[in-house]
Number of protein chains: 2
Amino acid sequence: MSTSKIYLEIVKHLRVMISNNGLKPGDKIPSERDLSERLDVGRSSVREALRALELLGLIETKKGEGTFLRDFRGNQLVQILSTFILQDEKAKRDVFETKYIIEIDCLRLALKRIDRKNIVKLRNWITKIESFEDDEFFYQIILLADNHLFLRIWLILKDYYYSLVQTPPKYKREDYLFLLEALEEKNEELTVAAYWKLRNLSV
Amino acid sequence: MSTSKIYLEIVKHLRVMISNNGLKPGDKIPSERDLSERLDVGRSSVREALRALELLGLIETKKGEGTFLRDFRGNQLVQILSTFILQDEKAKRDVFETKYIIEIDCLRLALKRIDRKNIVKLRNWITKIESFEDDEFFYQIILLADNHLFLRIWLILKDYYYSLVQTPPKYKREDYLFLLEALEEKNEELTVAAYWKLRNLSV
DNA sequence: ATGAAATAGTGGTCAGACCACAATTTTTCT
DNA sequence: AGAAAAATTGTGGTCTGACCACTATTTCAT
């Protein structure tokens, strides 16, 4: 039944194991030899599964210590994928477009769910911190949007984006403040307009 | 220099090889034993690299035949990550929300790029075909939006959506026609409103 | 107690051996 | 000669056993 691809079966088993045992990022998973014995498969098959997950950034291996769950963000994965995928200009345009649109989507969501406390916190952060990064700002926004899928998609898009632009543009601090004001007023139209201004996009 | 992780070195080599030889999707890449010999590494290391690329959907292996490049434009990245992420119940709400929002995004994009010919074609299709499906309609819309990333993301969301709802709701045919009218007028506000009406969503 | 040395556990890699499968080539039969 | 059958070759899939390098733990001498 299992048919081909033992390593894919192992990936499945690992998922179940992680889920059942409630393993979290940073936790250690069983050793390769242990898994090999438990699942009754060769160690090489276990390694094929683990290397695949490692390339995805889902686990991290430390020689002499073991294998650990990662709080995965894009790592080398994106570099690899981007050189494979982002070849034509059309694909690049799609990355930019999609990133922008999803950022606006998350602004709309955040607008509904944000409260004054969040606004104040963000404002303080922007004004106080010497050099703050655009992606850090939108990371906070997307957390406020409270949609895990958008977060994951955005993290990937962000990495694609940075693999495409050599020098990320520097945006004006005041524009972030405009954006926050619009959010505070819960004015959707104004929020979108502020985003366009920030990004120097034409309507 | 090479430092650890032979399999990552092999991934790099493969990228260069593909690039230099101008390999395209469908083309065959050297056999595992061949690569092992050429790069002077063990076959198991080659396999670890290949399995990682396979899980990413970049290559395809056929027993008895060989390993081939895949059409990686439809990479499974999001899908793989999703299957790891979409485990809890909270994620369920996110699937619905994200699917709806992205459909609206694509309506907005389609609105800019659509022309009368497309409208007529869609209208004829809706009115003539006895039973047409909601996802078929939006598939057409998203094609018109002309954004490959959104298409990929939506296709995945659609599958998750249908795995979450037991009986897909049946929408009113007239509401699709309203939507098309709004698109034809290139009225964004009206289009979004028509979408809400179609989906029976409150504002 | 303290620090050094031995030990055990772990990932990293390789080599060799089968198996199952597909394509090709060779042989055999009509 | 032509077609069917059989052997051969090449490939991915898997397992086993063996080292190596590194880390953490334990043991032991001081």
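Hydrogens, waters and symmetry mates are skipped; everything else that's a heavy atom, side chains included, is used. Note that the structure is a prediction, hence the values are computed from the model and not measured. In what follows, chains carry the letters A, B, and so on, assigned in the order in which the sequence lines appear, proteins first and then strands, with residues in each chain numbered from 1.
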Without decimals, in angstroms, what is the distance between B/F68 CZ and D/dT11 P?
10 Å
Length of the line joining B/R43:CZ and C/dG16:C1', which is rounded to integer Å:
11 Å
Rounding to 0.5 Å, atoms CG (B/N118) and CD (B/E184) come to a distance of 11.0 Å
Check every strand shown and say whether A/G64 touches a base, only sugar-phosphate, or nothing at a heavy-atom separation below 4.0 Å.
base
Presence of A/S45 side-chain N/O under 4.0 Å of D/dC15 phosphate oxygens OP1/OP2:
yes
Is B/S44 touching bases, backbone alone, or none of the nucleic acid, heavy atoms closer than 4.0 Å?
base
Would you mind classifying the nucleic acid contact of B/S36 as base, sugar-phosphate or nothing, using non-hydrogen atoms under 4.0 angstrom?
nothing
What closest approach, in Å, do A/R113 and A/D146 show between heavy atoms, and which atom pair accounts for it?
NH1-O, 3.7 Å
What integer distance in Å separates B/E48:CD from C/dA15:C1'?
14 Å
Within the pair A/T61 and C/dG12, is there a side-chain N or O less than 4.0 Å away from OP1 or OP2?
yes
From C-beta outward on A/R47, which listed nucleotide comes closest to its side chain: D/dT14, C/dC14, C/dG11?
C/dG11
In whole angstroms, how far is the P atom of C/dT13 from the CD atom of B/E9?
10 Å
Between D/dC15, C/dG11, D/dG12, spot the one nearest the side chain of A/E32, thanks.
C/dG11
Could you state the CG-P distance from B/L35 to D/dG10, rounded to the nearest angstrom?
16 Å
Single hit among A/W154, A/Y195, A/F150 for ring-ring contact (aromatic ring centres under 6.0 Å, His included) with A/F138
A/Y195
Length of the CD-C1' vector between A/E37 and D/dT16, whole Å:
13 Å
Closer than 4.0 angstrom, basic N to acidic O: yes or no for A/E32 and A/R51?
yes
Out of C/dG11, D/dA24, C/dA17, whichever nucleotide has its closest atom nearest the side chain of A/S31:
C/dG11
Checking only heavy atoms, does the side chain of A/R33 share a donor-acceptor pair with the base of C/dG11 at less than 3.5 Å?
yes
Out of D/dG12, C/dG12, C/dA23, which nucleotide sits closest to the side chain of B/K5?
C/dG12
From the list D/dG12, D/dT14, C/dG11, which nucleotide is the closest neighbour of the side chain of A/I6?
D/dT14
For a side-chain contact (heavy atoms from CB on, under 4.5 Å) with B/I101, tell me which candidate from A/L149, A/D105, A/I101 qualifies.
A/D105
Proximal nucleotide (of C/dT13, C/dC21, D/dT14) relative to the B/K63 side chain
C/dC21
Can you measure A/I10 atom CD1 to D/dG13 atom C1' for me and round it to whole angstrom units?
12 Å
Could you give the CD-to-C1' distance, from B/E65 to D/dG13, as a whole number of Å?
15 Å
